[in-house]
Amino acid sequence: MAKQKNAISPTREEDYPEWYQQVVRAADLAENTPVRGCMVIKPWGYGIWENIRDALDGMFKETGHKNAYFPLFIPKSFLQREAEHVDGFAKECAVVTHSRLEADKDGILQPAGELDEPLIVRPTSETIIGELFARWVQSYRDLPLLINQWANVVRWEMRPRLFLRTAEFLWQEGHTVHATAEEAIEETHLMLRTYADFAENWLAMPVLRGEKTEAERFPGAETTLCIEAMMQDRKALQAGTSHFLGQNFSKACGIKFQGVQGKEELGWTTSWGVSTRLIGGMIMTHADDDGLIVPPRVAPTQVAILPVTPKEDSRVQVLEACEALSKEINECTAFDLPVRVEMDDRDLRGGEKYWQWVKKGVPLTVEVGPRDLENGTVFVGRRDLGGKREGMKREEFISSLEDTLVAIQKNLFTKAQDFQKENTREIDKREELYEYFTAKNSSKPEIHGGFALIHWDRNPKWEEQLKNDLKVTIRCIPEGVSVPGTCLFSGQASPGRVVVAKSY
RNA sequence: CGGGACGUAGCGUAGUCUGGUUAGCGCGCCUGCUUUGGGAGCAGGAGGCCGAGAGUUCGAAUCUCUCCGUCCCGACCA
């Protein structure tokens with residue numbers, strides 16, 4: 001055991017996409033199924049999603065939103081109501097055309113009972129929710145209408161990837177109606193701030209907030225705001241979006257109300273969503289060559305207790321001590337919730353068991369053996385410190401537990417933030433930009449590039465060219481700071497820098 | 001959906017070009033013994049209609065065709 005060995009092969013450096021898949025598998029998060037593009041989310045992965053869901057749900061409720069549930073199916077004609085919207089989603093829709101199966105002569109089941117109007121499995125619910133909102137909104141007194149739904153959606157993706165792009169995925173979609181444009185716009189900013197807050201404080205994933213360019217906008221939106229995170233291969237991941245839909249969907253769905261003056265007006269709507277993709281982002285932000293690292297706030301188990309029972313005669317005492325420790329840990333709180341602890345008393349060899357938890361990314365492992373019982377110590381491993389393990393007094397461990405979990409959470413964020421900063425550059429010369437995004441070794445491209453902050457005159461022509469030449473896109477126009485400069489393509493005036501990166 | 005690579009046990013693979021006895025190997029799994037603050041050792045064992053279908057052939061994992069699936073690059077996207 002002299003040589004350091006990595007639990008995940010290949011390493012990030014060797015083959016990043018393959019590393020990602022191996023991490024997902026080693027951590028037992030999810031796997032592919034017989035249904036193309038559809039994954040099964042296994043308990044450890046789903047536990048993370050439950051924590052994400054619960055945290056966000058609380059935030060939505062704090063900001064005045066209520067949950068509801070809308071149909072899985074959308075009549076084709078609904079989707080067709082908004083021209084840009086249908087254009088954007090038509091190519092990736094699952095379509096239901098029949099209502100039953102009938103056995104033919106050879107006993108083979110055939111679709112039968114053709115529907116008058118095909119139903120689309122929702123790729124997103126603006127049109128069906130809009131239809132119902134039109135019924136619910138009559139008066140300015142009904143506004144604002146602030147609704148969220150937790151649901152699954154289907155987008156028939158050509159190139160699925162676990163968590164990042166699956167044909168079916170879990171998400172939440174918020175849909176709101178407001179009396180004025182200003183109020184709706186403020187809503188989109190509020191939800192974007194909520195997403196950024198969640199990403200940074202729960203997932204420990206630093207994000208940039210900004211607005212999408214016209215080319216990158218949600219189909220049917222007036223403006224799309226987004227949060228963008230940097231993965232360890234320095235690509236950008238769109239981690240959440242918040243759309244100001246103007247009156248486009250109100251027009252399409254007939255969301256009208258009588259204003260204070262008695263005049264009939266169209267509502268102003270928004271929609272916003274995050275999905276199980278967040279888990280993909282979390283993985284690629286924190287995981288290392290030994291597997292996953294889950295930030296404590298979303299970890300299904302924060303502390304794994306591993307009894308070490310080398311001798312039969314001390315076995316019972318060790319297990320009892322672990323049981324007691326487990327109880328005591330559970331009585332502690334961290335992040336205002338009871339600490340989630342699991343005792344792993346499976347009949348496995350110690351080292352093996354320990355490594356399973358490392359690969360799952362549990363924040364803390366606590367090993368307890370006979371010697372610890374005598375000395376009143378525990379052997380603690382912190383996943384974020386690369387598995388460095390050390391003995392400490394039991395009381396000390398308990399009393400510092402909350403601080404430790406908070407420190408892990410913070411450390412993960414800081415590390416990710418440093419990484420993002422190191423790989424973000426202001427670039428003012430076109431050649432430099434091209435060099436930045438060109439791999440040195442074209443036959444086997446190394447990880448290169450990052451975020452480039454460039455001045456752009458807002459002419460879509462250059463955006464198109466960037467995409468063609470370098471396969472990079474303008475990820476967002478960052479919020480807040482806008483120092484004018486000179487466009488690096490045209491030499492024309494630029495109202496402020498934009499973020500350019502390769503994306504997922 | 002375009003270009004490329006590839007499907008052999010749960011995972012990773014040899015064999016495929018140059019068709020030919022019971023398809024090897026490593027990890028994992030099961031059993032036993034040994035070991036025990038560490039992803040261990042030894043021994044034994046289970047597990048494959050070689051992705052599916054059709055064809056060529058006396059004979060196909062191997063050759064041909066068609067599907068299906070996976071991965072990478074592109075287009076698209078949460």
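A, B, ... follow the sequence lines: proteins, then strands. Residue 1 opens every chain. Quick caveat: nothing in here was measured; it's all calculated off a predicted structure.
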> For A:G273, which contact category applies under a 4.0 Å heavy-atom criterion: base, sugar-phosphate, or nothing?
Replying inline: nothing
> Is the gap between the ring centers of A:F60 and A:W272 under 6.0 Å?
Replying inline: yes
>> Does A:Q356 reach a base, just sugar-phosphate, or nothing at all? Heavy atoms under 4.0 Å.
In response: nothing
>> Once you apply a heavy-atom cut-off of 4.0 Å, does A:S314 come out as touching a base, just sugar-phosphate, or nothing?
In response: nothing
> With sugar-phosphate meaning primed atoms plus P, OP1 and OP2, does A:R155 contact a base, only sugar-phosphate, or nothing at under 4.0 Å between heavy atoms?
Replying inline: base
> A:R277 has a side chain; which of B:C73, B:A78, B:G38 sits nearest to it?
Replying inline: B:A78
>> Assess, by modelled atom type and distance only, whether the side chains of A:Q317 and A:E320 contain a donor and an acceptor separated by less than 3.5 Å.
In response: no
> On a whole-Å scale, what distance lies between the C1' atoms belonging to B:U21 and B:A60?
Replying inline: 15 Å
> At under 4.0 Å between heavy atoms, what does A:K471 touch on the DNA or RNA strands: base, sugar-phosphate, or nothing?
Replying inline: sugar-phosphate
> Who does B:C29 pair with, Watson-Crick or G-U, both distances under 3.5 Å?
Replying inline: B:G45
> Partner of B:A61 by Watson-Crick or G-U wobble geometry, both contacts under 3.5 Å, or none?
Replying inline: none
>> Applying the Watson-Crick and G-U wobble criteria at under 3.5 Å, what pairs with B:U56? Answer none if nothing qualifies.
In response: none
> Does a side chain donor of either A:N152 or A:R122 reach within less than 3.5 Å of an acceptor in the other side chain?
Replying inline: yes
>> Could you tell me how far B:G2 sits from B:G20 if I compare only their C1' atoms? Round to whole Å.
In response: 41 Å
> Ignoring hydrogens and angles, are the base of B:G37 and the side chain of A:D372 linked by a donor-acceptor pair under 3.5 Å?
Replying inline: yes
>> When both hydrogen-bonding distances must be under 3.5 Å and the geometry is Watson-Crick or G-U wobble, what is B:G19 paired with, if anything?
In response: none
> Between atom CH2 in A:W19 and atom P in B:C11, what is the gap in whole Å?
Replying inline: 21 Å
> Does B:A75 pair with anything, Watson-Crick or G-U wobble, both distances under 3.5 Å, and if so, with which nucleotide?
Replying inline: none
> Across all strands shown, which nucleotide pairs with B:G38 by Watson-Crick or G-U wobble geometry, both distances under 3.5 Å?
Replying inline: none
> In whole Å, what is the span from the CZ atom of A:F218 to the P atom of B:C76?
Replying inline: 17 Å
> Using a cut-off of 4.0 Å on non-hydrogen atoms, how would the nucleic acid contact of A:G37 be classed: base, sugar-phosphate, or nothing?
Replying inline: sugar-phosphate
> Which one is paired to B:C67, where only Watson-Crick or G-U wobble pairs with both distances under 3.5 angstrom count?
Replying inline: B:G51
>> We want to know whether A:E216 and A:T473 form a side-chain donor-acceptor pair, criterion being a heavy-atom distance below 3.5 angstrom.
In response: no
> Taking OP1 and OP2 of B:C72, is either one under 4.0 Å from a side-chain nitrogen or oxygen of A:R161?
Replying inline: yes
> With sugar-phosphate meaning primed atoms plus P, OP1 and OP2, does A:R389 contact a base, only sugar-phosphate, or nothing at under 4.0 Å between heavy atoms?
Replying inline: base
>> For B:U35 and A:K311 - does any side-chain N or O of the residue sit under 4.0 Å from the phosphate oxygens OP1/OP2?
In response: no
> Does a side chain donor of either A:K212 or A:H243 reach within less than 3.5 Å of an acceptor in the other side chain?
Replying inline: no
> If we take the C1' atom in both B:U31 and B:C68, what is their distance in whole Å?
Replying inline: 39 Å
>> Which nucleotide wins on minimum distance to the side chain of A:S503, given the candidates B:G37, B:C77, B:A78?
In response: B:C77
> Given atom OH of A:Y504 and atom C1' of B:C76, what is their separation to the nearest angstrom?
Replying inline: 16 Å
>> Nearest heavy atom decides the nucleotide; on that basis, is A:F169 or A:V368 closer to the 5' end of RNA chain B?
In response: A:V368
>> Pairing donors with acceptors under 3.5 angstrom, does anything connect the side chains of A:E13 and A:T11?
In response: no
> Rounded to the nearest Å, what distance is computed from the CH2 atom of residue A:W156 to the C1' atom of nucleotide B:A75?
Replying inline: 19 Å
> Tell me: CD1 of A:I8 to C1' of B:C11, nearest whole Å?
Replying inline: 13 Å
> Where each residue is assigned the nucleotide of RNA chain B containing its nearest heavy atom, which of A:F379 and A:V274 is assigned the position nearer the 5′ end?
Replying inline: A:F379
> Rounded to whole angstroms, how far apart are CD on A:E92 and C1' on B:A78?
Replying inline: 10 Å
>> Suppose you measure atom P in B:C65 against the same atom in B:C27; what distance do you get, rounded to whole Å?
In response: 38 Å
>> Nearest to the A:R371 side chain among B:A78, B:C73, B:G37, which nucleotide is it?
In response: B:G37
> Quick one: which of B:C71, B:G69, B:A78 gets closest to the side chain of A:R36?
Replying inline: B:G69
>> Please report the distance, rounded to the nearest Å, between CZ in A:R165 and C1' in B:A75.
In response: 11 Å
>> Students often get this wrong, so: under 4.0 angstrom with heavy atoms, is A:Q21 touching a base, only sugar-phosphate, or nothing?
In response: sugar-phosphate
>> With a 4.0 Å cut-off on N to O distance, would you call A:D57 and A:K61 a salt bridge?
In response: yes
>> Please classify the nucleic acid contact of A:E367 as base, sugar-phosphate, or nothing, using heavy-atom distances under 4.0 Å.
In response: base
> Hey, do the aromatic rings of A:F73 and A:F78 have their centres closer than 6.0 Å?
Replying inline: no
>> In whole Å, I'd like the distance from the NZ atom of A:K212 to the C1' atom of B:A78.
In response: 11 Å
